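Source: prediction; values computed, not measured. Counting begins at 1 with the first residue of the sequence.
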Amino acid sequence: QVQLVESGGGLVQPGGSLRLSCAASLRAFSTYDMAWVRQAPGKEREFVAAISPRGAVSTYADPVKGRFTISRDNALNTVYLQMDSLKPEDTAVYYCAAENRGTMPRTASGYDIWGQGTQVTVSS
């Protein structure tokens, strides 16, 4: 069964905005740390942002800090990534990821449940 499904990707110009959504079919969604991880062509997966189970704590990779905002709505079993001031360097496939160890890792390898990804392309 597919547990995480991303949506909202697309083509935007530099400086534009995009909002990604991740619909989760996880039991006890509110017990999971949730994250966004991206992978640019030819590169390894890169941690982007994470949020704690109740949404009280969030953390961001330096390249997106101040531009991206992660949030979640546990009533809807959904996590979001609001991306503002997008740059060409943000072009990548963006994945939703989850783990329930409570460690809220800042590495892609720290997560063990993954969505299929959604493409974000930033180009003029």
Side-chain angles (χ1 to χ4, degrees):
Q1 181 179 356
V2 176
Q3 295 180 286
L4 302 173
V5 179
E6 303 93 334
S7 62
L11 173 64
V12 296
Q13 294 185 330
S17 296
L18 211 56
R19 186 194 190 216
L20 306 183
S21 297
C22 172
S25 300
L26 296 166
R27 291 179 58 84
F29 173 74
S30 62
T31 69
Y32 284 82
D33 296 321
M34 300 298 299
W36 288 96
V37 177
R38 67 187 182 185
Q39 185 169 29
K43 298 184 178 180
E44 295 184 343
R45 290 189 178 188
E46 173 191 28
F47 170 82
V48 175
I51 189 166
S52 61
R54 300 294 301 275
V57 180
S58 60
T59 186
Y60 301 88
D62 287 343
V64 309
K65 194 170 298 182
R67 300 188 296 120
F68 291 9
T69 303
I70 188 171
S71 62
R72 66 192 296 162
D73 188 334
N74 287 349
L76 298 178
N77 282 20
T78 303
V79 62
Y80 307 94
L81 186 68
Q82 177 66 43
M83 305 183 293
D84 298 320
S85 301
L86 283 162
K87 304 176 180 179
E89 308 92 90
D90 296 318
T91 295
V93 176
Y94 283 71
Y95 297 90
C96 181
E99 62 91 25
N100 63 358
R101 303 177 189 90
T103 56
M104 203 170 160
R106 291 174 52 83
T107 59
S109 62
Y111 297 86
D112 43 36
I113 302 174
W114 295 82
Q116 85 290 347
T118 185
Q119 177 71 47
V120 172
T121 302
V122 185
S123 180
S124 59

Listed partners of Asp73 passing side chain to side chain contact (heavy atoms under 4.5 Å, CB included), at least two apart: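 With neighbours one apart ignored, the set is Ala75, Leu76, Tyr80.
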Stepwise side-chain contact (heavy atoms from CB on, under 4.5 Å) test for Trp114 and Cys96: CA-CA 6 Å; Trp114 295 82; Cys96 181; over 6 Å; no
Any pair counted as disulfide bond (SG atoms under 2.5 Å apart), so long as it reaches residues 38-85, sequence neighbours left out: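 For residues 38-85: none.
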For Glu46, salt bridge (Lys or Arg N to Asp or Glu O under 4.0 Å) partners two or more places apart: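 Glu46 satisfies salt bridge (Lys or Arg N to Asp or Glu O under 4.0 Å) with Arg38 only.
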ILVMFWY cluster, Val37 and Leu4 together (side-chain gap under 4.5 Å):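 Different clusters.
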Inter- and intrachain pairs under side-chain hydrogen bond (donor to acceptor under 3.5 Å, both in side chains), touching residues 61-70, at least two apart: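 Pairs touching residues 61-70 that pass the test: Asp62-Lys65, Arg67-Asp90.
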Set of residues satisfying side-chain hydrogen bond (donor to acceptor under 3.5 Å, both in side chains) with respect to Gln116, sequence neighbours excluded: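 For Gln116, the residues satisfying side-chain hydrogen bond (donor to acceptor under 3.5 Å, both in side chains) (neighbours in sequence not counted) are Glu6.
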Pairs where residues 96-120 contributes a residue and the test salt bridge (Lys or Arg N to Asp or Glu O under 4.0 Å) is met, not counting sequence neighbours: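 Checked against salt bridge (Lys or Arg N to Asp or Glu O under 4.0 Å) - neighbours excluded - the pairs reaching residues 96-120 are Glu99-Arg101, Arg101-Asp112.
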All side chain to side chain contact (heavy atoms under 4.5 Å, CB included) counterparts of Val93, not counting sequence neighbours: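 Side chain to side chain contact (heavy atoms under 4.5 Å, CB included) list for Val93, sorted by chain: Tyr95, Gln119.
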Donor-acceptor under 3.5 Å (Tyr111 side chain, Pro105 main chain):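 Yes; judged by distance alone, with no hydrogens or angles, the pair exists.
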Where at least one partner belongs to residues 10-20, residue pairs that pass salt bridge (Lys or Arg N to Asp or Glu O under 4.0 Å), sequence neighbours excluded: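 Residue pairs with at least one partner in residues 10-20: there are none.
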Where at least one partner belongs to residues 28-64, residue pairs that pass disulfide bond (SG atoms under 2.5 Å apart), sequence neighbours excluded: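 Applying disulfide bond (SG atoms under 2.5 Å apart) to every pair that reaches into residues 28-64, excluding sequence neighbours, yields nothing.
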Single-linkage hydrophobic cluster Leu20~Phe47, side-chain heavy atoms < 4.5 angstrom: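 As far as the 4.5 Å side-chain criterion goes, Phe47 and Leu20 are not connected within one cluster.
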Determine all donor-acceptor pairs shorter than 3.5 Å in which one atom belongs to a side chain in residues 22-34; sequence neighbours excluded.
unit_1	atom_1	unit_2	atom_2	d
Thr31	OG1	Ala28	O	2.7
Asp33	OD2	Thr103	N	3.4
Asp33	OD2	Met104	N	3.0

Set of residues satisfying side chain to side chain contact (heavy atoms under 4.5 Å, CB included) with respect to Asp84, sequence neighbours excluded: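 Scan of Asp84 (side chain to side chain contact (heavy atoms under 4.5 Å, CB included), adjacent residues dropped) gives Ser17, Gln82.
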Interatomic spacing from CG in Leu81 to OG1 in Thr118 - rounded to 0.5 Å: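 Separation between the atoms: 11.0 Å.
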Other ILVMFWY residues reachable from Val2 by side-chain steps of under 4.5 Å: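 Other cluster members: Val5.
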